[in-house]
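Taking it in order: structure first as structure tokens, then the write-up.
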There are 2 protein chains.
Amino acid sequence: MRDVIEEACPLTEVIDHVAGKWSIGVLVAAAHGPVRFTELERAINGISRRMLTLTLRKLERDGLLCRTVYPTVPPKVEYTLTAMAQELHETLRSLTDWAERHRGNIAAAQKHYDAAERQ
Amino acid sequence: MRDVIEEACPLTEVIDHVAGKWSIGVLVAAAHGPVRFTELERAINGISRRMLTLTLRKLERDGLLCRTVYPTVPPKVEYTLTAMAQELHETLRSLTDWAERHRGNIAAAQKHYDAAERQ
DNA sequence: CTGCATCCAACGGGATACTG
DNA sequence: CAGTATCCCGTTGGATGCAG
């Protein structure tokens, strides 16, 4: 069998861009237009300021998020998905569909597996 | 804005199933038929026995992988994707496409971002 | 051949406090 | 408002050795 890592490489790259605990949340929250820092903080339940900042920086670095600073007082910063990220967001819909079709099966499989182990 | 976590939930679930460092590799390696433990170990470059085992168990628990033991000497174990996992594997193709279309842009964005930071 | 057990290092991520 | 700085801990994953 061929080296599978090389074959799967582009796939793992995508995953890495969104694999953080909060990346998907930001992606979804910013999908329908520009969002401000505090809006994100409220929309993404449980995220800390620190993690929000880190996630935003990472997504910005990857070219998925566009950061616009308005030099006002108090400061105002808006985050927008890039075209690339919009496309990704739509692509991810098929994954959501898969998840919704099979989440029941998965839960059942896990339950069954755990029951068998405990014996 | 609504609670985004809830909305993105099924999506993060899928990611979790595949987010391990090696899960995708196993998924791809097993996509074209049953594979044995040692085959996987060789196909997935750099994986340790420990991590291979852990990854296999996790995928099996999630109902993505089917484990068949042949009670021979020496032992022989085959891993096969379940129908659900096959479906997932095909769904992931669209992600691969996205990655291949944009990996250049992403690399450029990162380079640009890093250059701007270093000033 | 196919694992499991143990030890250990690195990293992600939470809590908290401070700032332009 | 939109961050940055520190500290700290749990989890992930690598290395190695043993076993059915």
Side-chain angles (χ1 to χ4, degrees), chain A residues 1 5 8 12 15-27 29-30 34-62 65-80 113-114 116-119, chain B residues 1 4-5 8 12 15-27 29-30 34-62 65-80 113 116-119:
Chain A
M1 181 173 303
I5 294 296
T12 55
I15 301 289
D16 284 347
H17 297 315
V18 264
K21 188 171 178 183
W22 308 103
S23 304
I24 297 279
V26 173
L27 224 64
V35 226
R36 299 185 58 175
F37 189 89
T38 314
E39 286 185 279
L40 287 168
E41 199 177 359
R42 278 192 295 257
I44 305 173
N45 207 308
I47 196 171
S48 65
R49 259 192 191 73
R50 174 187 135 91
M51 285 317 295
L52 180 53
T53 304
L54 288 180
T55 305
L56 290 171
R57 292 294 172 277
K58 183 179 188 311
L59 292 175
E60 189 194 352
R61 188 177 108 94
D62 290 346
L65 219 50
C66 182
R67 180 170 178 266
T68 315
V69 182
Y70 299 91
T72 59
V73 178
K76 174 178 174 180
V77 181
E78 276 185 354
Y79 293 91
T80 320
Y113 183 95
D114 294 345
E117 292 308 276
R118 200 176 316 106
Q119 279 169 11
Chain B
M1 182 174 300
V4 162
I5 294 296
T12 55
I15 300 290
D16 284 347
H17 296 316
V18 204
K21 188 171 178 182
W22 307 105
S23 304
I24 296 280
V26 173
L27 224 64
V35 227
R36 300 187 56 177
F37 189 89
T38 314
E39 287 184 278
L40 287 168
E41 199 177 0
R42 278 191 297 257
I44 304 172
N45 207 307
I47 197 173
S48 65
R49 259 192 192 73
R50 176 186 133 90
M51 285 317 295
L52 180 53
T53 303
L54 287 181
T55 306
L56 290 171
R57 290 296 170 277
K58 182 179 189 312
L59 291 175
E60 189 194 352
R61 188 177 109 94
D62 290 346
L65 220 50
C66 183
R67 180 171 178 263
T68 315
V69 181
Y70 298 92
T72 59
V73 178
K76 173 180 173 179
V77 180
E78 275 185 353
Y79 293 91
T80 320
Y113 184 95
E117 294 308 276
R118 200 178 314 106
Q119 281 172 8

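Below, chain A is the first sequence line, B the second, and so on; all start at residue 1. Everything numeric in this text was worked out from a predicted model, so none of it was measured.
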For [X] and [N], give me the distance from atom [atom1] to atom [atom2], rounded to whole Å.
X       : N      : atom1 : atom2 : answer
B/Asp16 : D/dT12 : CG    : P     : 10 Å
B/Met51 : C/dT6  : CE    : P     : 18 Å
A/Leu52 : C/dG12 : CG    : P     : 17 Å
A/Glu78 : D/dG3  : CD    : C1'   : 17 Å
B/Glu39 : C/dG3  : CD    : C1'   : 16 Å
B/Glu41 : D/dA15 : CD    : C1'   : 14 Å
B/Arg57 : D/dT12 : CZ    : P     : 17 Å
B/Arg67 : C/dC4  : CZ    : C1'   : 12 Å

Exercise: identify the closest heavy-atom pair between B/Met1 and A/Ala43:
SD-CB, 3.6 Å
Would you name the heavy atoms of A/Glu39 and A/Pro34 that are closest together and state the gap between them?
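Nearest heavy atoms, A/Glu39 then A/Pro34: OE1-O, 4.4 Å.
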Tell me which nucleotide among [options] gets nearest to the side chain of [X].
X       : options              : result
A/Trp22 : D/dG3, C/dG3, C/dG14 : C/dG14
A/Pro74 : D/dC1, D/dG14, C/dG3 : D/dC1
B/Arg36 : C/dC4, C/dT2, D/dG14 : C/dT2

With respect to the phosphate group of [N], does any side-chain polar atom (N or O) of [X] fall under 4.0 Å of OP1 or OP2?
X       : N      : answer
A/Arg49 : C/dT16 : no
A/Arg42 : D/dA2  : no
A/Arg50 : D/dA5  : no

Using a heavy-atom cut-off of under 4.0 Å over every strand shown, decide if B/Tyr70 touches base, sugar-phosphate, or nothing.
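B/Tyr70: no heavy atom of the nucleic acid under 4.0 Å.
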Under 4.0 Å between any heavy atoms, over every strand shown, what does A/Thr53 touch: base, sugar-phosphate, or nothing? Just pick one.
base
Identify, between B/Ala19 and A/Tyr79, the residue whose nearest nucleotide on DNA chain D lies closer to the 5' end.
A/Tyr79
Please round to the nearest 0.5 Å and tell me the distance separating atom CG of B/Leu27 and atom OG1 of B/Thr55.
11.0 Å
Tell me, do B/Thr80 and B/Leu65 make a side-chain contact under 4.5 Å, heavy atoms counted?
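B/Thr80 vs B/Leu65: side chains apart.
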Would you indicate whether the side-chain heavy atoms of B/Glu78 and B/Val35 approach each other to under 4.5 Å?
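A side-chain contact under 4.5 Å is absent here.
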If you pin A/Pro75 and A/Ser48 to their nearest nucleotides in DNA chain C, which one's is more 5'?
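Taking each residue's closest nucleotide, the earlier one in sequence belongs to A/Ser48.
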